[in-house]
Amino acid sequence: MRPIIAPSVLASDFANLQSEVEMLNKSQADWLHIDIMDGRFVPNISFGFPVMEAIKKHAQKPMDVHLMIVEPELYIERFRAAGADTISVHIEACNHLHRTIQQIKATGAKAGVAVNPHTSVSLLEDVIEDLDLVCLMSVNPGFGGQKFIHNTYRKIEALKNLIISRNSNALIEVDGGVNEQNAPLLLEKGADVLVAGNFVFSAADPIQTIANLKNSTK
Ligand code: DX5
Ligand code: ZN
């Protein structure tokens, strides 16, 4: 099956957000990946509700919202109202992850959990059946344009085994440093969703670059 491609709007030209979103509408992108950073969970601040709502106004594709914030449970309903179709919270930011997953589902959004490079996927053992998505961070979150961490391949394999053994429907998303070179092996290991920021938006032809990622083969 062809991968789901989720370009990260973080790497787009914020001064021309409407045309960037329209470009994604025309492209083979499947989702828009929306990175929310609070300056506390990660050492960077991206954007919040008003910008998300502005994106939503033009987006013709689902919004995949990646919350890199502490206490995400305080804002789940507002992110849903601002247009999130999938909401992923970080396992490292949740004291009551099970409850937060149920809270996301109660809004009607799909529920995802993101894990940092140092976090073992085995920690998802007791929630994997409830998840629609697991976002494996292949860089330390906080910034676009970083170098891909190789250990991610091993984590995809471990997560895939967990998903199969528990009969879970969770999709495996890989986020950070994804490009045309590493995409084939990511897919071979079991990735379903590829997030790409800089690789797409700094390309001479983003539409073609998205098509190339979409056509990556195992
Ligand atoms: C990193 C973000 C990523 C980032 C990906 O904290 O979660 O989604 O925007 O950007 P690239 O593809 O440039 O690494
Ligand atoms: Zn992200």
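As the structure is a computational prediction, the values presented were derived from the model and not from experiment. Atoms within a ligand are numbered from 1 in the order they appear, just like the ligands themselves. Scope of the values below: all heavy atoms of this structure, side chains included, with no hydrogens, waters or symmetry mates.
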**Report entry** Heavy-atom pair of closest approach, residues Lys110 and Ile104
**Finding:** O-CG2, 3.5 Å
Query raised in the report: Near Arg154 CZ, under 6.0 Å, is it more than 12 heavy atoms from other residues, nucleotides or ligands?
Result: no
Query raised in the report: His66: which N/O/S atom is nearest the Zn ion (ligand 2)?
Result: ND1
Report summary line: Asn198 heavy atoms within 4.0 Å reach ligand 1 at atoms 11 (P), 12 (O), 13 (O)
Query raised in the report: In terms of hydrophobic clustering (I, L, V, M, F, W, Y; side-chain heavy atoms under 4.5 Å; direct or indirect links), are Val200 and Leu194 co-clustered?
Result: yes
Query raised in the report: Does Phe143 approach ligand 1 within less than 4.0 angstrom via side chain, backbone, both or neither, non-hydrogen atoms only?
Result: backbone
Query raised in the report: Atoms of ligand 1 less than 4.0 Å from His33 heavy atoms?
Result: 8 (O)
Query raised in the report: Is a side-chain donor or acceptor of Glu92 paired with a backbone partner of Asn116 at a separation under 3.5 angstrom?
Result: yes
Query - Of all N/O/S atoms in Asp35, the name of the one nearest the Zn ion (ligand 2) - result: OD1
Requested in this report: Kindly give the atom name of the N, O or S atom of Asp175 closest to the Zn ion (ligand 2).
Outcome: OD2
Query - Salt-bridge criterion met for Lys61 and Asp85 (N-O under 4.0 Å) - result: no
Query raised in the report: For atom 6 (O) of ligand 1, which protein heavy atom lies nearest, and how many Å away is it?
Result: Gly142 N, 2.8 Å
Report summary line: Taking only non-hydrogen atoms of Gly144 and a 4.0 Å limit, the atoms of ligand 1 in range are 10 (O), 13 (O)
Query raised in the report: Which word best sums up how the rings of Phe14 and Phe47 line up, parallel for under 30°, tilted for 30 to 60°, or perpendicular for over 60°?
Result: perpendicular
**Report entry** Option passing side-chain contact (heavy atoms from CB on, under 4.5 Å) with Ile5 (candidates Thr209, Leu213, Asn212)
**Finding:** Leu213
**Report entry** Under-4.0 Å heavy-atom contact with ligand 1, by part of Asp35 that carries it
**Finding:** side chain
Query raised in the report: With distance as the sole test, does Asn182 use its side chain to make a donor-acceptor pair with the main-chain N or O of Gly177 at under 3.5 Å?
Result: yes
Query raised in the report: Which of the numbered atoms in ligand 1 are below 4.0 angstrom from a heavy atom of Gly145?
Result: 11 (P), 13 (O), 14 (O)
**Report entry** Short side-chain to backbone donor-acceptor contact, Lys155 and Pro117, under 3.5 Å
**Finding:** yes
Query raised in the report: Counting backbone and side-chain atoms alike, does Cys135 have an N/O/S atom under 2.8 Å from the Zn ion (ligand 2)?
Result: no
Query raised in the report: At the 4.0 Å heavy-atom cut-off, does Gly177 count as touching ligand 1?
Result: yes
Requested in this report: State the atoms of ligand 1, each with its element, that fall below the 4.0 Å cut-off from a heavy-atom position in Met137.
Outcome: 7 (O)
Report task. Within a distance under 4.0 Å of any heavy atom of Ala196, pick out the atoms of ligand 1 and give their elements. Result -> 12 (O)
Report task. Work out which heavy atom in Phe143 is nearest to a heavy atom in Pro43; give both atom names and the distance. Result -> CZ-O, 3.3 Å
Report task. For Met68, take its heavy atoms, then give the atoms of ligand 1 lying under 4.0 Å from any of them. Result -> 6 (O), 7 (O)
Query raised in the report: Hey, does Asn140 come in under 3.5 Å of ligand 1, counting only N/O atoms on both sides?
Result: no
Report task. Would you mind running through ligand 1 and noting each atom that sits below 4.0 Å from a heavy atom of Pro141? Result -> 6 (O)
Report task. Could you tell me the residue and atom name of the protein heavy atom closest to atom 8 (O) of ligand 1, and the distance to it rounded to 0.1 Å? Result -> Asp175 OD1, 2.6 Å
**Report entry** From CA spacing to verdict: ring pair (Phe, Tyr, Trp, His ring centres under 6.0 Å), Phe199, Phe148
**Finding:** CA-CA 12 Å; Phe199 185 68; Phe148 177 83; over 10 Å; no
Query raised in the report: If you look at every heavy atom in Ser46 and Asp35, which pair is closest and at what distance?
Result: OG-O, 2.8 Å
**Report entry** Shortest protein heavy-atom distance from atom 12 (O) of ligand 1, along with the residue and atom involved
**Finding:** Gly197 N, 2.7 Å
**Report entry** Of the N, O or S atoms in His33, the one nearest the Zn ion (ligand 2)
**Finding:** NE2
